Asks: 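One structure, as structure tokens, below. Some questions next.
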Amino acid sequence: MKIKIKNIGEFELDPSLSLKSLIPEIKKSFKEIPIGFKYNNELIDWHHSFSNLNSESIELEPIFKKNKEALYFLRHTAAHVLAQAVKELFPEAKLGIGPATEEGFYYDIYYKHPFTEEDLQKIEKKIKEIIKKKLPLEREKLSKEEAKKLFQELKEDFKLELLNEIPDEKVSIYKQGNFIDLCKGPHVLSTGDIKAIKLLSISGAYWKGNEKNPMLWRIYGTAFFSKEELKAYLDRLEEIKKRDHRKLGKELELFTIEEGIGPGLVIWLPKGAIIRNIIENFWIEQHNKYGYQLVYTPHIALRDLWRISGHLDFYAENMFPPMELENRVYQLKPMNCPFHIYVYNQKRRSYRELPIRYCELGTVYRFERSGVLHGLLRVRGFTQDDAHIFCREDQLEDELTKVLDLVIYFLKVFGFNEYKIFVSTRPDKFVGSPEIWDKAEDALKKALENKGLEYEIDPGEGVFYGPKIDLKIKDVLGRFWQCSTIQVDFNLPERFNIVYVGEDNKFYRPIMIHRALLGSLERFLGVLIENYAGAFPFWISPVQIKVLTITDRTVSYGEKIAQALIKEGFRVETDFRNEKLNYKIRIAQQEKVPYMVILGDKEEQEEVISVRTRKGEVLNNIKLRDFVNQLKKENQPDFLLNE
RNA sequence: GCCGGCGUAGCUCAGGGGUUAGAGCAGCGGAUUCGUAAUCCGCAGGUCAGGGGUUCAAAUCCCCUCGCCGGCUCCA
């Protein structure tokens with residue numbers, strides 16, 4: 001058969017042999033051979049053969065080291081090497097699954113007792129020995145029966161379980177040295193291709209993610225084609241650690257979560273509270289501009305409300321338990337929506353009034369299992385920047401487009417210009433008719449297309465009450481965070497039986513759009529802290545300017561300048577302590593204050609100021625007036641957009 | 001919730017059965033009056049997460065509880 005490899009050439013392949021047989025031929029004219037190939041959008045490796053294929057000729061797209069898919073081959077093999085090392089050191093261990101991931105690989109392994117740090121080091125040593133041996137990988141096709149026999153002999157119970165779930169008649173196994181694994185591939189040619197590998201951590205993981213199943217030990221690692229890339233990756237991990245919002249939140253005195261108050265419950269310290277307040281004010285201002293009406297609703301409501309809304313059926317396990325007072329039962333709110341329905345229902349609504357948009361910075365409480373709490377990113381009490389839009393079916397697309405406008409504006413203001421967008425479609429369990437779901441899904445897609453936004457479909461991932469758009473924002477380290485969500489809801493209007501009067505004087509059911517732009521203020525602040533590494537843009541910096549004196553002689557001049565800046569509306573702190581300038585600068589720098597105003601005898605005599613920026617730039621002989629004018633511009637939320 | 005690790009001064013961390021538990025930073029007092037990332041000296045600061053147990057003796061070993069960290073799962 002004919003094999004065409006894009007940009008490389010055409011070759012004749014004996015269908016009973018693997019692609020490997022072409023290597024000598026290719027090597028004649030190319031120094032670097034591909035890592036693997038893409039065929040029909042699937043990754044295949046050199047070990048692949050086309051014995052079952054009918055067609056005479058096929059075309060492959062080569063994948064080289066520089067292509068990001070290449071790491072997938074390498075890491076998959078790395079996972080096998082890890083498993084091999086573990087089996088050699090701990091022969092009774094039983095293998096689960098061992099895939100490559102975005103950042104590395106892992107292998108889930110059952111063993112009678114947990115692996116320790118020392119075990120990990122031993123395993124890593126063994127891995128390096130295996131790599132040094134440059135063991136070639138081999139692929140074999142077996143019938144399921146043969147495979148079952150094989151893995152029975154190997155006493156790999158989990159593999160047998162997997163085998164039973166594979167529908168195909170034949171399965172593939174990969175070998176290297178005396179190690180055998182059930183595996184689809186793809187892999188690299190030799191264990192020697194792994195030039196840099198590191199085991200990173202170990203943790204428990206349920207077999208197939210189900211907590212009723214036994215727990216395996218998951219060993220995480222990562223691998224690269226070069227030591228430099230590994231080092232860069234480890235440096236990145238360091239950088240992520242440095243930016244951890246929990247660490248910075250403490251250092252910069254932004255927030256705290258206290259054992260004495262409760263897990264997942266956030267206290268905003270003055271400096272964090274300022275940031276939050278600035279964001280909230282900006283948010284309210286923008287929502288007024290975009291035709292939303294601000295409302296406030298309670299944190300708690302009668303249990304019956306949650307019965308009508310369906311939360312007790314679908315969401316009970318995430319709600320704090322009921323409390324009874326004077327024979328009535330109340331429950332903390334996990335969402336704001338039912339309240340906004342009551343706002344809507346204050347009077348008979350006309351089709352002319354729609355769309356109606358209510359917004360609220362609504363604090364909700366959700367019971368999250370203790371093991372999942374994480375700083376500000378996963379908490380039990382948080383404030384959603386929530387809104388509910390009540391509209392007619394014919395307004396849906398337009399409203400969604402407007403919401404997208406607003407989302408994108410907000411994200412831009414906070415420095416997020418890249419995102420991934422997901423449209424989640426109808427799940428198996430859903431309310432409403434399939435027709436209206438289709439319409440809503442269409443409206444979501446059209447709205448995205450109107451804005452020229454690319455999206456991916458998450459099939460069946462919609463909420464039971466309607467399809468949704470989720471936006472994941474990309475931060476400066478390239479990490480994605482889920483914040484914004486836009487959800488269409490047919491369910492609540494039905495449950496609460498809300499209506500509007502149409503042109504024909506008949507009653508119609510409005511559609512509801514739930515949406516949060518920032519998601520939760522807690523999570524968003526957490527993401528912001530990490531994105532800016534605590535060095536916030538001027539307009540949201542808790543302390544914008546710090547006035548430093550060089551000696552006691554200039555304290556009164558310092559006081560005068562500080563007061564003038566405060567009067568202009570800036571957030572100013574002073575450091576007039578009897579310390580050396582270098583010391584004061586160091587402190588201000590650690591506090592990540594955007595501007596330091598430094599005052600000595602010279603400045604006082606000439607009635608100017610000296611400015612040092614957070615980046616270390618020094619500007620001498622500045623007139624206070626000029627400084628203020630510049631900062632007033634910089635104090636605008638959209639300052640960076642206009643640059 | 002489950003698995004593993006951890007919990008010592010406000011913060012970062014030493015001490016891992018044997019007198020009275022340490023250091024640096026921060027704080028307080030004093031000296032120093034200094035030009036763009038740490039001046040010096042002194043002082044104070046602890047129910048060693050909480051509870052129970054083993055022991056002549058527990059921060060240290062064991063058990064329970066709470067919290068945190070990394071995962072599993074879920075999501076704003």
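Keep in mind it's a predicted model, so treat the numbers as computed, not measured.
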Asks: Paired with B/C72 by Watson-Crick or G-U wobble geometry, both distances under 3.5 Å: which nucleotide is it?
Replies: B/G1
Asks: Could you tell me which nucleotide pairs with B/C28 by Watson-Crick or G-U wobble geometry, both distances under 3.5 Å, or answer none if nothing does?
Replies: B/G42
Asks: What distance, rounded to whole Å, do you find between the two P atoms, one in B/G67 and one in B/A49?
Replies: 16 Å
Asks: Would you mind reading off the distance between A/Glu591 atom CD and B/A38 atom C1', rounded to a whole angstrom?
Replies: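 These atoms are roughly 14 Å apart.
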Asks: Between protein and nucleotides 61-67 of chain B, map the contacts as a letter string: B base, S sugar-phosphate only, - none, heavy atoms under 4.0 Å, written 5' to 3'.
Replies: -----BS
Asks: Could you give the side-chain donor-acceptor pairs of residues 250-260 of chain A under 3.5 Å, partners two or more places apart or in another chain?
Replies:
residue: A/Thr256; atom: OG1; partner: A/Glu258; partner atom: OE2; Å: 2.6

Asks: Provide, to the nearest angstrom, the distance between the CG atom belonging to A/Leu252 and the P atom belonging to B/A26.
Replies: 17 Å
Asks: At 4.0 Å (heavy atoms only), tell me whether A/Ser484 reaches a base, stays on the sugar-phosphate, or touches nothing.
Replies: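 The answer is nothing, as A/Ser484 stays clear of every strand by at least 4.0 Å.
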Asks: Under the side chain to side chain donor-acceptor pair (under 3.5 Å) rule, collect the residues that match up with A/Thr425, sequence neighbours excluded.
Replies: none
Asks: Indicate syn or anti for B/G22, taking the glycosidic torsion and treating anything within 90° of 0 as syn.
Replies: anti
Asks: Counting only non-hydrogen atoms, which of residues 581-590 of chain A are less than 4.0 Å from RNA chain B?
Replies: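 RNA chain B contact set from residues 581-590 of chain A: A/Leu581, A/Asn582, A/Tyr583, A/Ile585, A/Arg586, A/Gln589.
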Asks: At 4.0 Å (heavy atoms only), tell me whether A/Gly371 reaches a base, stays on the sugar-phosphate, or touches nothing.
Replies: base
Asks: Look through every strand shown and name the nucleotide pairing with B/U19 as Watson-Crick or G-U wobble, where both distances are under 3.5 Å.
Replies: none
Asks: Among B/G70, B/G71, B/G1, which nucleotide sits nearest the side chain of A/Met215?
Replies: B/G71
Asks: When the nearest nucleotide of RNA chain B is assigned to A/Lys250 and to A/Phe382 on a heavy-atom basis, which residue is associated with the more 5' position?
Replies: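 Mapping each residue to its closest nucleotide by heavy atoms, the 5'-most match is A/Lys250.
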Asks: Report, one line per pair, each donor and acceptor closer than 3.5 Å where one atom sits in a side chain of residues 603-612 of chain A; sequence neighbours left out.
Replies:
residue: A/Glu603; atom: OE1; partner: A/Gly600; partner atom: N; Å: 2.9
residue: A/Ser610; atom: OG; partner: A/Asn620; partner atom: OD1; Å: 3.1

Asks: Between B/U8 and B/G15, how many Å separate the two P atoms, rounded to a whole number?
Replies: 14 Å
Asks: Just jot down the salt bridge (charged side-chain N to carboxylate O under 4.0 Å, His left out) partners of A/Asp235, sequence neighbours excluded, or say none.
Replies: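 Checked A/Asp235 against salt bridge (charged side-chain N to carboxylate O under 4.0 Å, His left out); matches are A/Lys231.
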Asks: May I have the distance from A/Ile279 (atom CD1) to B/A76 (atom C1'), rounded to whole angstrom?
Replies: 15 Å
Asks: To the nearest 0.5 Å, how far apart are OH in A/Tyr220 and CG in A/Asp108?
Replies: 7.5 Å
Asks: Respond yes when some side-chain nitrogen or oxygen of A/His113 is under 4.0 Å from OP1 or OP2 of B/C3, and no when none is.
Replies: no
Asks: B/A76 base to A/Glu368 side chain: any donor-acceptor pair below 3.5 Å?
Replies: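 For A/Glu368, whose side chain was compared with the base of B/A76, there is a donor-acceptor pair (under 3.5 Å).
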Asks: Between A/Arg369 and A/Glu579, just flag the one whose closest nucleotide in RNA chain B comes earlier from the 5' side.
Replies: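 Of the two residues, A/Arg369 wins.
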Asks: Report the nucleotide, chosen from B/A76, B/U36, B/G1, that has the shortest atom-to-atom distance to any side-chain atom of A/Arg523.
Replies: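 Of all the options, the side chain of A/Arg523 is nearest to B/A76.
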Asks: Extract all donor-acceptor atom pairs below 3.5 Å that involve side chains of residues 404-416 of chain A and protein atoms in other chains or at least two apart in sequence.
Replies:
residue: A/Asp405; atom: OD1; partner: A/Lys451; partner atom: NZ; Å: 2.5

Asks: Identify all side-chain donor-acceptor contacts of residues 466-482 of chain A below 3.5 Å with residues at least two apart in sequence or on another chain.
Replies:
residue: A/Lys468; atom: NZ; partner: A/Asp470; partner atom: OD2; Å: 3.1
residue: A/Asp470; atom: OD1; partner: A/Gln482; partner atom: NE2; Å: 3.3
residue: A/Asp470; atom: OD1; partner: A/Thr485; partner atom: OG1; Å: 2.8
residue: A/Lys474; atom: NZ; partner: A/Glu418; partner atom: OE1; Å: 3.4
residue: A/Asp475; atom: OD1; partner: A/Leu477; partner atom: N; Å: 2.9
residue: A/Asp475; atom: OD1; partner: A/Gly478; partner atom: N; Å: 3.0
residue: A/Asp475; atom: OD1; partner: A/Arg479; partner atom: N; Å: 2.9
residue: A/Asp475; atom: OD2; partner: A/Arg479; partner atom: NE; Å: 3.0
residue: A/Asp475; atom: OD2; partner: A/Arg479; partner atom: NH2; Å: 2.9
residue: A/Asp475; atom: OD2; partner: A/Trp481; partner atom: NE1; Å: 3.0
residue: A/Arg479; atom: NH1; partner: A/Glu530; partner atom: OE1; Å: 3.1
residue: A/Arg479; atom: NH2; partner: A/Glu530; partner atom: OE1; Å: 3.1
residue: A/Gln482; atom: NE2; partner: A/Ser484; partner atom: O; Å: 3.2

Asks: According to a strict under-4.0 Å criterion, is A/Arg577 in side-chain N/O contact with OP1 or OP2 of B/C34?
Replies: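 Result: no.
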Asks: Among B/G35, B/A76, B/G71, which nucleotide sits nearest the side chain of A/Ser520?
Replies: B/A76
Asks: Is a donor-acceptor pair below 3.5 Å formed from side chain A/Tyr206 to base B/G1, judging by atom type as modelled?
Replies: yes
Asks: Which ones in residues 594-604 of chain A lie close to RNA chain B, meaning a heavy atom under 4.0 Å from one of its atoms?
Replies: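 Within this stretch, A/Ile598, A/Gly600, A/Asp601, A/Lys602, A/Glu603 sit under 4.0 Å of the strand.
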Asks: Any salt bridge linking A/Glu239 with A/Arg236? Criterion: basic side-chain nitrogen under 4.0 Å from a carboxylate oxygen.
Replies: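 No.
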Asks: Checking A/Arg75 against A/Phe105: charged group under 6.0 Å from the ring centre and within 45 degrees of the axis?
Replies: no
Asks: According to salt bridge (charged side-chain N to carboxylate O under 4.0 Å, His left out), who are the partners of A/Asp244, at least two apart in sequence or on a separate chain?
Replies: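 For A/Asp244 the salt bridge (charged side-chain N to carboxylate O under 4.0 Å, His left out) partners, ignoring immediate neighbours, are A/Arg246.
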Asks: A/Trp217 has a side chain; which of B/C3, B/C34, B/A37 sits nearest to it?
Replies: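 Looking only at heavy atoms from C-beta outward on A/Trp217, the closest nucleotide is B/C3.
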Asks: If you only use heavy atoms from C-beta on, which nucleotide in B/U33, B/C72, B/U39 is closest to the side chain of A/Lys580?
Replies: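 Within the option list, the nearest is B/U39.
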Asks: Under 4.0 Å, heavy atoms only, any strand: does A/Asn620 hit a base, just the sugar-phosphate, or nothing?
Replies: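 Base, at least one base heavy atom under 4.0 Å.
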Asks: Would you please name every residue forming a ring pair (Phe, Tyr, Trp, His ring centres under 6.0 Å) with A/Tyr107, sequence neighbours left out?
Replies: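 Checked A/Tyr107 against ring pair (Phe, Tyr, Trp, His ring centres under 6.0 Å); zero matches.
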Asks: I'd like to check the ring pair (Phe, Tyr, Trp, His ring centres under 6.0 Å) partners of A/Tyr455; sequence neighbours left out, ordered by chain and number.
Replies: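 A/Tyr455: no ring pair (Phe, Tyr, Trp, His ring centres under 6.0 Å) contacts found.
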Asks: At under 4.0 Å between heavy atoms, what does A/Phe115 touch on the DNA or RNA strands: base, sugar-phosphate, or nothing?
Replies: nothing
Asks: I want to verify a distance call: between B/U33, B/G4, B/G1, whose nearest atom is closest to the A/Asp552 side chain?
Replies: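 So the side chain of A/Asp552 is nearest to B/U33.
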Asks: Using whole Å, what does the distance between atom P of nucleotide B/U36 and atom CD1 of A/Ile609 come to?
Replies: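 One finds 17 Å between P of B/U36 and CD1 of A/Ile609, rounded.
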Asks: What does B/C66 pair with, Watson-Crick or G-U, if both distances are under 3.5 Å?
Replies: B/G7
Asks: Would you indicate what A/Gly519 reaches in the nucleic acid, counting non-hydrogen atoms under 4.0 angstrom: base, sugar-phosphate, or nothing?
Replies: sugar-phosphate
Asks: Rounding to a whole Å, what distance do you find between A/Leu377:CG and B/U73:P?
Replies: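 To the nearest whole Å, that distance equals 18 Å.
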Asks: Does B/C48 have a Watson-Crick or wobble mate here (both distances under 3.5 Å), and if so which one?
Replies: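 Across all strands, not a single nucleotide pairs with B/C48.
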Asks: In this structure, how many angstroms lie between the C1' atom of B/C3 and the CD1 atom of A/Ile109, rounded?
Replies: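 Atom CD1 in A/Ile109 sits about 15 Å away from atom C1' in B/C3.
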Asks: Would one find a side-chain N or O of A/Tyr110 under 4.0 angstrom from OP1 or OP2 of B/C3?
Replies: no
Asks: Look at the side-chain N and O atoms of A/Arg366 and state whether any lies under 4.0 Å from the OP1 or OP2 oxygen of B/C75.
Replies: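 No, because none of the side-chain N or O atoms of A/Arg366 sits under 4.0 Å from OP1 or OP2 of B/C75.
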Asks: Please determine whether side chain to side chain contact (heavy atoms under 4.5 Å, CB included) holds for the pair A/Ile97 and A/Trp207, giving the CA-CA distance in whole Å, both sets of side-chain angles, and the decisive distance to 0.1 Å.
Replies: CA-CA 9 Å; A/Ile97 55 162; A/Trp207 172 237; 4.2 Å; yes
Asks: Just wondering, more than 12 heavy atoms not from A/Glu317 lying within 6.0 Å of its CD?
Replies: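 Not more than 12 within 6.0 Å, no.
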